[in-house]
Number of protein chains: 2
Amino acid sequence: MAVTIRDVARAAGASNGTVSRVFNNYPDISQKTRERVITIAQKMGYVPNVAARTLSSKSMQVVALILSDLLSSKENSISMEMMSGVYRYADDHGMQFVLYLTTTKQQHEKSFDQFCQERNITGAIIQGLKTTDPYFEEIAKSSVPVVLVDLDRGDPSIGTVSIDNVQAENEATQVLLRNGVQDPVMINGSINAQVSIQREAGFKLALSSFGRTPKDYTVQYANFDQEIAVAKVQRLLREHPSVDGLVCASDSMAIAILEYLRKQKIRVPEDIQLIGFDDLIIGQYMTPTLSSVEQHMELIGQQSCHLLNKMMRGMKKSEPKRIFVPYEIMERDSTAISKEN
Amino acid sequence: MAVTIRDVARAAGASNGTVSRVFNNYPDISQKTRERVITIAQKMGYVPNVAARTLSSKSMQVVALILSDLLSSKENSISMEMMSGVYRYADDHGMQFVLYLTTTKQQHEKSFDQFCQERNITGAIIQGLKTTDPYFEEIAKSSVPVVLVDLDRGDPSIGTVSIDNVQAENEATQVLLRNGVQDPVMINGSINAQVSIQREAGFKLALSSFGRTPKDYTVQYANFDQEIAVAKVQRLLREHPSVDGLVCASDSMAIAILEYLRKQKIRVPEDIQLIGFDDLIIGQYMTPTLSSVEQHMELIGQQSCHLLNKMMRGMKKSEPKRIFVPYEIMERDSTAISKEN
DNA sequence: CTGAAAGCGCTTACAG
DNA sequence: CTGAAAGCGCTTACAG
């Protein structure tokens, strides 16, 4: 049924080894043999079997994209873009792409090394990993090269790709401050999450560069949860009517807040200016349209795979493994007002 | 380095075959041996190598989810949900899951059978396939079981999973008609696309059940493109001011139209009622919120894999391979008015 | 109930 | 430049 390398070899009057060498672009094959083999293989419809290849070869590259924990539906499209970036890069560079959706629970059942071993994974890109996940520690000891997206393990042997969250949130906050916002509050994610810490740092940097001092209510944690975010805002505005600007660590929260403010007849941006993070498409269809920080997820995916590729080919220790991908501040209607006079 | 079946066998004082049988749950292994092998394997951290397994075994199931052509960003989250459904089902049933993003161009380079052969694919779920794609013909002749999502090949040997598009659009249209819409127009996708044909049939069914006769402008084709959709609506309303209801074959188009209508100060639902299809999250955040037809993509994914699984295990010819998954009509503000008196 | 052995489809030192 | 052969890590008839 399926035509194998042996069939081709026989038909071409050559050995398995020769056919294999042709298909792997070995240099020292006579032009004549090469052409004959290729023609015949083509005619027979031969395609090398990937499983056999990965099994017998030490040099087959298999890159795994590991998406940790089921992403909330709001974030779905983000991962799809990033996945597409990884996929294309891998495909274009002769690497095998495999996708895994893992959970914290599964990580307990099987170690990272076992996971890689069982699937012949030679390099992994991991997104959505939490610092409390088992893999977080295990990847440091693993011999499999790893690129982390949006998480900096602080380990020189591990690749990291993300935007500069500090600088991005700094700039986002400055949009409000330049527009004359007097009492900005940050609606942050989780107090432990690295991106939250970074974005908070950026937020505070902006305040300080404008000579502002944070109040005790200036940072609120809502765990990236829409309901919590709304509840926090509700209470915040009741207790501190002076608040006139909200910097949200995610669009998901910002969107829910925007909905809430509209229902409360609180005008955006007149009464309160609002900026999110991630630039979900939804924000562009809301009224008012939502300002945000755009991340180029496809590029992040592509860059991650590029970095991983270099690491798998034995990147020098000295070379930097920390890549910052560009982002973009999208100013829209939710910050489209200047209160300066 | 990596611990193999041989290492475990040696340590357990058994043969490779015995260890293999234990891991594959063969029935006739003594309880004693089974336990000893399991304990030792566990202790050694043994995990069976998947590549070796698929290579040597005829019975390993590899299900491929093939997403045809890069999906437009608007549709991204749809596929992510469906993918998640397939993944979970495969994972829970001991099947290997692999994902491929293919393009029409790639389909020309390698036949469907070659594609499956090279990756040891034993069953495929394909989404986004067009009737003009090479695979569309090739799957009929292939010995690899295939489930098509959202496309009915009309071939009894091929599985098909989707909602009942005819009935869904019928119901969606009836929402408008019940609300007193007098001159409804359908903004359809492509005149060749199967879902478009089905949804149009449903639309017309609804009209006829209300005793309405289509006018020459009653169905407009916009190729699922936002710009075209808006342009069509613009012209439509200019030439036929009597139009007071729009049935859109996709939310993507409906959203763009809703934006346009708002800019034109045409009131929805007062002047024109509007219903979409797909129930993208965006619609729920627009003003007014968009009525639509919800598809349970995760369920579609899950059902597809379930059907494929049965087909791979040699489903009887007689058994139906056409699965209709439930959908839901979501009535929201864009149709929230009754013009009856 | 278990072992010995062939085989899955490739790759790659080793010779020549 | 090319062939013969061992080996990648498993599975599975075949015996016993």
Side-chain angles (χ1 to χ4, degrees), chain A residues 1-38 40-41 44-62 94 96 113-114 116-122, chain B residues 1-38 40-41 44-62 94 96 113-114 116-122:
Chain A
M1 31 183 313
V3 24
T4 74
I5 200 171
R6 194 181 323 234
D7 301 323
V8 177
R10 233 187 318 254
S15 69
N16 294 357
T18 300
V19 176
S20 174
R21 290 187 190 98
V22 168
F23 270 84
N24 287 288
N25 286 313
Y26 274 49
D28 48 355
I29 291 282
S30 75
Q31 190 56 24
K32 196 163 133 272
T33 309
R34 185 182 301 278
E35 278 166 11
R36 182 163 36 95
V37 167
I38 295 208
I40 290 184
M44 300 178 77
Y46 169 70
V47 279
N49 182 287
V50 174
R53 239 163 130 145
T54 59
L55 187 59
S56 72
S57 170
K58 278 285 91 203
S59 61
M60 262 257 90
Q61 313 265 262
V62 181
Q96 243 186 97
D113 274 323
Q114 288 183 316
C116 292
Q117 205 174 295
E118 114 186 299
R119 319 304 287 244
N120 296 92
I121 292 166
T122 52
Chain B
M1 30 184 314
V3 22
T4 72
I5 201 171
R6 195 181 323 234
D7 301 323
V8 176
R10 236 188 314 256
S15 68
N16 293 358
T18 300
V19 176
S20 174
R21 290 188 191 98
V22 168
F23 270 83
N24 287 289
N25 287 313
Y26 274 50
D28 50 354
I29 292 281
S30 76
Q31 190 57 25
K32 197 163 132 269
T33 309
R34 186 183 300 279
E35 277 166 12
R36 182 161 38 95
V37 168
I38 295 210
I40 290 185
M44 300 177 78
Y46 169 71
V47 281
N49 182 286
V50 173
R53 240 164 127 146
T54 58
L55 187 59
S56 70
S57 170
K58 277 286 94 203
S59 61
M60 264 255 89
Q61 313 265 260
V62 181
Q96 245 186 96
D113 274 323
Q114 287 183 317
C116 292
Q117 205 173 295
E118 111 187 301
R119 319 304 284 246
N120 296 93
I121 292 167
T122 51

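In what follows, chains carry the letters A, B, and so on, assigned in the order in which the sequence lines appear, proteins first and then strands, with residues in each chain numbered from 1.
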Would you list the pairs meeting salt bridge (Lys or Arg N to Asp or Glu O under 4.0 Å) in which at least one residue belongs to residues 27-37 of chain B, sequence neighbours left out?
none
Stems of at least 3 consecutive Watson-Crick or G-U wobble pairs (donor-acceptor distances under 3.5 Å) involving DNA chain D, listed by first number, are C:1-3 with D:14-16, C:5-12 with D:5-12, C:14-16 with D:1-3
Tell me the interatomic distance from A:Gln117, atom CD, to D:dG9, atom C1', rounded to whole angstroms.
11 Å
Look at the side-chain N and O atoms of A:Thr4 and state whether any lies under 4.0 Å from the OP1 or OP2 oxygen of C:dC8.
no
In chain order, what residues pass the salt bridge (Lys or Arg N to Asp or Glu O under 4.0 Å) check against A:Arg10, with sequence neighbours excluded?
A:Asp7
Please list every donor-acceptor pair under 3.5 Å in which a side-chain atom of residues 11-19 of chain B meets a protein atom from a residue at least two apart or in another chain.
unit_1: B:Ser15; atom_1: OG; unit_2: B:Thr18; atom_2: N; d: 3.3
unit_1: B:Ser15; atom_1: OG; unit_2: B:Thr18; atom_2: OG1; d: 3.1

Just the rounded figure in Å: distance from P of D:dC10 to CG of B:Asn120.
16 Å
Any pair with a residue in residues 16-26 of chain B that passes salt bridge (Lys or Arg N to Asp or Glu O under 4.0 Å), sequence neighbours left out, goes on the list, sorted by first then second residue, please.
none
Non-neighbouring partners of A:Asn120 that pass side-chain contact (heavy atoms from CB on, under 4.5 Å), sequence neighbours left out:
B:Asn49, B:Ala51
Sequence neighbours excluded, the answer for side-chain hydrogen bond (donor to acceptor under 3.5 Å, both in side chains) partners of A:Ser20 is A:Asn24
Using a 4.0 Å heavy-atom cut-off, write out nucleotides 11-16 of chain D from 5' to 3' as B (base contacted by protein), S (sugar-phosphate only) or - (no contact).
BBB---
Along DNA chain D (nearest heavy atom to each residue), the more 5'-positioned of B:Leu55 and A:Ala14:
A:Ala14
Determine the contact category for B:Thr33: base if any of its heavy atoms lies under 4.0 Å from a base atom, sugar-phosphate if only primed atoms, P, OP1 or OP2 are that close, otherwise nothing.
sugar-phosphate
Nearest-Å distance for atom pair CG/P, residues A:Asn49 and D:dC10
17 Å
Let me know the distance between CZ of B:Arg6 and C1' of D:dA6, rounded to the nearest Å.
12 Å
For the residue pair A:Gln114 and B:Gly45, what are the closest heavy atoms and their distance?
NE2-O, 2.8 Å
Base, sugar-phosphate, or nothing for A:Asp28, non-hydrogen atoms under 4.0 angstrom?
base
Taking every heavy atom of A:Phe23 against every heavy atom of A:Val37, the minimum-distance pair comes out as CE1-CG1, 4.4 Å
May I ask you to say what A:Val47 touches in the nucleic acid, namely base, sugar-phosphate or nothing, with a heavy-atom cut-off under 4.0 Å?
sugar-phosphate
Test of understanding: with side-chain contact (heavy atoms from CB on, under 4.5 Å), list the residues that count as partners of B:Arg119, not counting sequence neighbours.
A:Val50, A:Gln96, B:Tyr100, B:Ile121
